[in-house]
Student: 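Quick one: the structure is below, questions incoming.
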Amino acid sequence: MNIGIIHLTDLHIGSSNNQYSGKISEIVKAIKGDLLDVAVIYLVLTGDVVNRGSGFKEAEVFLDKLKNSLARFFNGIDVKYIIVPGNHDCNFTQSNQVRDIIVNSIQTTQLSDNSVIESCLKVQDDFWRFYEKITKTCPFNRLAYQIKDTINEKTICFNCYNTAWMSSINEEVGKMYFPIEQIPLTLSMEDGDLIVSIFHHPLSWFTPNTELNNRKEFSKFLNESSHILIYGHEHDDEHSKVEDLKTKTETVYIAGRAFQNEIDRTSGFQVINIDVNTKKGKVISYKWQKDKYTNLDELLLEYDRKKTSKKFNLKRTYLEVLDNLNLPLKFETRKNVKLSDIFVYPDLEKISSKEKKIDEIYSSQRLLDSETKIICLEGEAQSGKTSLLNMLYIEFHERGKYPLLIEAKKLVKGDIKRNIRRTFEEQYECDDNIFENYCQFDNKNKVLFIDNLQDYTYNSLTLINVIKELVSFFDKIIISTSTLFTFSSVIKAEFKSIDYYFIQPLGYKKRNELIEKYNILNESQQTITDQIILEKTKYYYDQVQSVLGNKLIPSFPVYILSILQTLIYATPHNLEQTSLGYCYQSLLYVALTDKAKVKNEDVDSIFNFLSELAFNLYETGNDSFSGQYLEDFYVLYSSKYITKGLVKIIEILLNSNIIIEDEDGDYKFRYNYIFYFLVSRKLVDIIHTDKGKEIVRNLCNNLSNEKSANVLIFATHYTKDNFLIDEATFSLMVPYNSYVPVTLNTNDDYYKLIEDIVKEISSNLIQANKNPVEERIKELEAKDRLVANTLKNGEDKFENEQIITNEEYSNCVEEMVHALKSLEIVGQIIKNRKGSIDKEKLLSIIKELYFTAFRTIGFFGEMSKMSQDELKKSLMNKIEEGDTAFAIEQKISNFFRYMTFQHCLGIFSKVVFSVGNKDLKQIFDDVAQDINTPAAKLVTFSIKSCYGKISLKELKVLAEEFKDNHVALSILRARVRAYVYNNHIEYKEKQRIASTMNMKIQG
């Protein structure tokens, strides 16, 4: 098996020096015959990617084009980046006196304080942002890191050394220093079929003037741990082999010609083709001559021995088990997708050991750096406990630790050392003495994972004794258990150094990250673009959110991935059913067949039992049910339907996690979506009856009730029945029917209410350098912070809303909830049934939806005006001394105007996301034309720009129409700004949009 390396060094890319830009096609032409037999191409950059600390944007564009050109020519071959920084990749304007002192005074073989290194690395912040953008990852240790790849069962390791960490503007030969003790063990102990070390500065640049001679110790380290060294900096190529006569080992040295030499305007690079099986290859050097790259020479290389050996070698087969994606996921263009390819570290709630109170929420990846001796991870079924342990195991191993993973049920009472030995022999390669060496090895390099502690069969005292004994073998023990496990408090009480966490469902940002990873894996590398991935991620994020609902399904990775698979690949067998409805059914089907092992021919029978049970609970107003209730229901059910015995049914429902048993011995459906799905399934069956129609009417009249609204939403996924559509549409007409819909015409009372505040906060600027991915992440992070603060304060916003909805809402607020839920439900009907409702009816429904939104905004405007006087009185005594009565009134007035305007924007957004669809653009245009108000035209434009591209022609018409309407123009500009910030758009296109809107581009 052959691998290819394209080595570029000292690119010196900048905004002013662009001789590199026209050379991409010439690179491909030059090497087209050199890498035809390779399985993978590594694009190795050994530093000085940019010039004098700037040019990363240009470098990103160049490398992206180069990679895409290579991928197109070498069709089907992966092209991967391997990058280290050089001195020109440092932004020395970020340096300070402290760093300068550190750089000039480092003459020690031991750096005990990591803050010294962090201070020196500060000048590389821009580089690492570029690195993360181009590689989609970033090393934990930025001083020394490893990129490991397995191709056709061959392990390729690139050990990357950041020799520029202490670079300076006028650095000198013999003054550089590299702290050997900071190199992770994995870089010195990895046993690979090919190990390549890459760095920027030649070894002659390192100082011999330290106690251990840093130049000598770094050279020795690299020679002992590498087959090949690749580097740059001196702008000339070098090919040599260094032999250690004592050990009879050799190391190949390869230095590269500068790709862009500013002094003599030369350019060069080299290609390395290596057969990993025979350990032979060739190095081909290229130099720019006249108008093309010319092959200067072709040298043979050979490496012939194992350089390195870990103290304990993990079995490749076990590593494959750890990294196996135990989900039947389908990917169009990728085979053998691993867990690590798609894994997203979940967040954890850190729980106080004294009170069950949340102290902190943070990423589980931080467990890798925790100094706590015992960590207990508690999570629901399907929360990803085992996957998290597997990934932590792999990460610890890559950092040079030697983990073990054991199932709790295998912790046999008695000889713990025998348990450890058996586990060690399953996971590591062994000989006669290796296990004893492991036992005597420094504990700080050993980690134990105990999975599924809830399966432990002995009592709590035995468990405590077992853990005490294990602590003497391992520096850290990480335990996973279910939320139903009762020994957790016992463990917390016994051990002092222990942290206790709950595994959280994925937050907004991490859901997005998982969906983005899925889309990248599912997209052809030849056609993939940033905009395609962004659009697909947005689309499927919204779809997944619709299925997850508001706490209907916990956002654990397994559910998100299952929903994605169903949305993309599955087709409902029942034509009445929507794709979202099919998602819910599929989740239950998998729970029954995979977990409870129900045969296919029995699934329908279980579904029917569950639907009847859920509907019975709904009618009786129960959320949970006792064993007696279930027995009574079973008697009635079995008299009407053929069914299995009650004991068997209970066993199936518990094993499938569809129902759970609480501490009092009562049962309930595990997740809300199961209950709503089953109730709506029964409702759809009887919707043609008088009873069914009466239930639908009651649901539509009580949309402020969370249960009613959700049952109705679920029902829209399972029927095309006109009665349900008509009733839901009629429910739109009820809220605020006595209020005049806002128009946003200049003579509109609502317009006059918000005009002044809009003038004050509006802007005609567009920031040119906004990154759409970063903007999206900021928005999602803000949502996550809101949720985190709510949890930290011990509140559950959702539950509180339910309580208020059911018990304390005044009539006007109930009407507000009814209006918003109506928008959501009717929007869902339109999305689900757009192809089976005639256009005239669609137009009528959407027009009524617009009017409901505009009446709701009008109502809030009236409420705002009525509330101002009362608030002025209540706040008069709380205003700081020195304020006049007029100033107080102005503050309150401005506050209400601002809130009124924000409410308007919020309702607009609700309409956009409730009904928005790229297939209904003409209908939305017709609705806007029929209503013929600025408000309607703004909503239609917002929908079309959110679900498609902006039409400059339409934008010009609206800008002209709104030129004397400050409110409408400001909202239009805000929507345009959101479009520009949330999509990958060429700069010229941004200029055209800004010109059309009479806006300025800044930056």
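As a basis for the values below, the full set of heavy atoms in this structure was taken, side chains included, without hydrogen atoms, waters or symmetry mates.
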Student: With the threshold set at 4.0 Å, does a side-chain nitrogen-carboxylate oxygen contact exist between R142 and E118?
Tutor: no
Student: Any side-chain heavy atom of N522 sitting closer than 4.5 Å to one from Y540?
Tutor: no
Student: Does R776 qualify as a cation-pi partner of Y541, given the criterion of NZ or CZ under 6.0 Å from the six-membered ring centre and within 45 degrees of its axis?
Tutor: yes
Student: Considering all heavy atoms of both residues, which atom of S555 and which atom of L548 are nearest to each other, and what is their separation?
Tutor: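 Smallest heavy-atom distance, with atoms named: CB-CD1, 3.8 Å.
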Student: Could you tell me how the ring of Y345 sits relative to the ring of F343: parallel (under 30°), tilted (30 to 60°) or perpendicular (over 60°)?
Tutor: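 Correct class here is perpendicular.
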Student: Is there any salt bridge (charged side-chain N to carboxylate O under 4.0 Å, His left out) pair reaching into residues 527-545, and which pairs are they, with sequence neighbours excluded?
Tutor: E523-K536
Student: Tabulate below the donor-acceptor pairs under 3.5 Å that side-chain atoms of residues 912-920 make, not counting sequence neighbours, or state none.
Tutor:
{"from": "S914", "atom 1": "OG", "to": "K910", "atom 2": "O", "distance (Å)": "2.7"}
{"from": "N917", "atom 1": "OD1", "to": "D919", "atom 2": "N", "distance (Å)": "2.8"}

Student: Is any side-chain heavy atom of L744 less than 4.5 Å from a side-chain heavy atom of T933?
Tutor: no
Student: Atom OH of Y979 and atom CD1 of I766: how far apart are they, to the nearest 0.5 Å?
Tutor: 11.5 Å
Student: Considering only NZ, NE, NH1 and NH2 on the basic side and carboxylate oxygens on the acidic side, decide whether E960 and K963 come within less than 4.0 Å.
Tutor: yes
Student: When you compare the side chain of F127 with that of L121, does any pair of heavy atoms fall below 4.5 Å?
Tutor: no
Student: Among residues two or more places apart or on two chains, list those pairs meeting salt bridge (charged side-chain N to carboxylate O under 4.0 Å, His left out) that have a residue in residues 749-773.
Tutor: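 Salt bridge (charged side-chain N to carboxylate O under 4.0 Å, His left out) check on residues 749-773 returns E755-K759, D756-R897, K770-E775.
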Student: Would you call D925-K944 a salt bridge at under 4.0 Å N-O?
Tutor: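 Looking at K944 together with D925, the answer is yes, because their closest N to O distance falls below 4.0 Å.
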